[in-house]
2 protein chains.
Amino acid sequence: MEENKNTNLEQGILEAAERLFLEKGFAMTSTTEIAKEAGCNQGLVHYYYRTKEKLFEEVFSKKAELFFSAFMNVENEELPFREKLRRVIEVHFDMLMKNPRLPFLLINEFTTNPGRVLSVKEKIKNLPESVLAKMEKELKEEIRCGRIREIELVDLMLMIISLNGGLFIAKPIMGAIMGMGEEEWERLAKRRRDENVRIILQAVEG
Amino acid sequence: MEENKNTNLEQGILEAAERLFLEKGFAMTSTTEIAKEAGCNQGLVHYYYRTKEKLFEEVFSKKAELFFSAFMNVENEELPFREKLRRVIEVHFDMLMKNPRLPFLLINEFTTNPGRVLSVKEKIKNLPESVLAKMEKELKEEIRCGRIREIELVDLMLMIISLNGGLFIAKPIMGAIMGMGEEEWERLAKRRRDENVRIILQAVEG
DNA sequence: ATTATCTATAGATCTATAGATAATGC
DNA sequence: ATTATCTATAGATCTATAGATAATGC
């Protein structure tokens with residue numbers, strides 16, 4: 001309990017920050033607000049994390065890693081290419097369902113402050129290095145054997161991320177413009193999970 | 001020249017605001033910055049547009065309309081469904097090529113401030129009302145005749161927007177994570193234009 | 001003693017407006 | 001006279017820190 005109490009607020013601030021950064025992005029979230037959400041005074045936010053930037057980076061790098069985790073996790077499973085591809089899409093989609101604001105956070109911060117991102121790159125170097133290389137190799141092999149059509153890895157990943165991410169990114173837009181409600185969106189999401197798999201599998205076929 | 005001089009700064013401020021809002025979004029752009037970019041003092045921004053919000057809305061509603069214009073423009077052309085669909089995708093894509101920051105602006109503002117968006121809805125009501133209904137009717141007819149598979153209009157539009165928009169949205173991310181440069185991105189974009197058409201046409205087939 | 005928490009505040013913005021001055025249209 | 005432009009500033013943040021006080025670990 002003491003140990004708990006010790007890390008209590010430090011952790012609480014981190015979690016409050018996570019919620020708010022995901023909701024509104026870096027620029028529109030103030031440390032005052034984070035403190036209020038965490039139930040402490042504003043000074044404490046800086047006591048534990050020194051600057052808003054440092055606090056943000058702690059949240060952000062975890063989230064960025066999470067976004068790409070689907071690709072890394074499935075890559076280690078032993079499955080035929082087509083099944084592996086299906087799994088990647090599904091795992092990625094399910095992760096987004098649990099973290100629906102994640103695409104927004106990534107887009108917002110990579111777009112408005114690419115500089116802040118450089119430090120994050122270090123933490124997700126696993127992806128670019130080992131995993132991407134392995135995926136590329138597998139993809140090339142499939143193409144060589146004529147089991148799928150000629151396609152670049154970056155094109156494939158972009159398709160997955162665009163189709164999966166688009167659903168979550170467009171949610172507020174569809175809500176505002178077409179007046180789409182939560183229930184209707186849920187039904188749409190349910191359809192899209194299978195459809196995205198289908199579309200991508202179809203798209204890599206000869 | 002006088003007339004020009006008259007609207008000169010008013011227009012100049014609007015254009016400066018447009019550039020900056022597209023670059024950094026509403027929250028991260030200050031009226032001081034807009035004034036500097038427009039080459040006048042900060043007071044003038046408020047003289048012409050009263051509040052930052054009003055100035056933003058002027059920019060935003062134009063841009064939101066532009067984003068959906070592809071759907072409206074092509075809808076009026078007389079073409080068989082499949083050709084019309086191809087045209088929509090291509091016209092939408094080409095518009096994004098000319099306005100690469102547009103998807104970011106829409107996402108950012110619809111997500112962080114859905115309230116501000118309500119006033120915009122008025123201005124793009126053309127889409128929801130006449131055009132969407134017409135598209136829906138055509139789509140239903142194609143399905144009824146068995147020329148394409150069963151699909152909802154919203155699914156189709158989401159696919160188009162996700163695939164086309166994703167390329168532009170992911171640009172800074174790919175730049176930061178994979179170190180993708182401008183030239184490489186251009187080549188990718190060239191491929192994606194045709195691929196997106198192909199994928200979507202394939203996806204609506206039986 | 002050390003660490004956690006709070007209060008108070010300096011210094012940097014930033015938005016919006018008031019009031020002065022210059023330019024333009026009758 | 002009216003409209004455009006500038007300067008100056010009030011008032012509201014917001015971040016980061018300093019210094020006081022309370023809690024905890026020896």
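Protein chains get the first letters and strands the later ones, always in sequence-line order, with residue 1 at the start of each. What you are looking at is a predicted structure, and each value in this text was computed from that prediction instead of being measured.
Comparing C:dT17, C:dA8, D:dT5 by their nearest atom to the side chain of B:Leu9 picks out D:dT5. Candidate nucleotides D:dT17, D:dC14, D:dA4 were compared by shortest atom distance to the side chain of B:Tyr48, and D:dA4 ranks first. Comparing D:dA4, C:dT5, C:dC14 against the side chain of B:Thr32 picks out C:dC14 as the nearest. In the set D:dT17, D:dC6, C:dT7, the nucleotide with an atom closest to the side chain of B:Cys40 is D:dC6. Nearest nucleotide to the B:Leu44 side chain, out of C:dT5, C:dA8, D:dT5: D:dT5. For A:His46, whose side chain is taken as the heavy atoms from C-beta onward, the closest listed nucleotide among D:dT17, C:dC6, D:dA4 is D:dT17.
Applying the 6.0 Å contact sphere to NZ of A:Lys134 captures more than 12 heavy atoms from other residues, nucleotides or ligands.
Atom-to-atom, CG of A:Asn41 to C1' of C:dT9 comes out at 14 Å; the value is rounded to the nearest Å. Rounded to an integer number of Å, the gap from CD of A:Gln11 to P of C:dA4 is 14 Å. Regarding B:Met28, its CE atom lies at a distance of 14 Å from the C1' atom of D:dC14, rounded to whole Å. For the pair B:Lys54 NZ and C:dT15 P, the computed distance is 15 Å after rounding to whole Å. With rounding to whole Å, A:Glu53 atom CD is found 13 Å from D:dT17 atom P. One can place CD of A:Gln42 at 13 Å from C1' of D:dA18, the figure rounded to the nearest angstrom. Rounded to whole angstrom, the span from the NZ atom of B:Lys36 across to the P atom of C:dT13 amounts to 12 Å. Note: CZ (B:Phe26) to C1' (C:dC14) measures 11 Å, nearest angstrom.
Proximity of the aromatic rings of A:Phe60 and A:Phe67 is defined here by a centroid distance below 6.0 angstrom, and this criterion is not met. Aromatic rings from A:Phe56 and A:Phe21 are positioned such that their centres are separated by under 6.0 Å.
Taking side-chain N and O atoms only, B:Tyr47 has no distance below 4.0 Å to OP1 or OP2 of C:dA18. OP1 or OP2 of D:dC14 has not a single side-chain nitrogen or oxygen of A:Thr31 nearer than 4.0 Å.
Side-chain N/O atoms of A:Glu10 and base N/O atoms of C:dA4 include no donor-acceptor pair closer than 3.5 Å.
Side-chain N or O atoms of A:Asn99 include one that pairs as donor or acceptor with a backbone N or O of A:Met95 at under 3.5 Å.
With a cut-off of 3.5 Å on both pairing distances, the Watson-Crick or G-U wobble partner of C:dA22 is D:dT3. Applying the Watson-Crick and G-U wobble criteria (two distances, each under 3.5 Å), D:dA16 pairs with C:dT9.
Remark: of the listed residues A:Gln42, A:Lys52, A:Lys36, A:Gln42 is the sole one forming a side chain to side chain donor-acceptor pair (under 3.5 Å) with A:Thr31.
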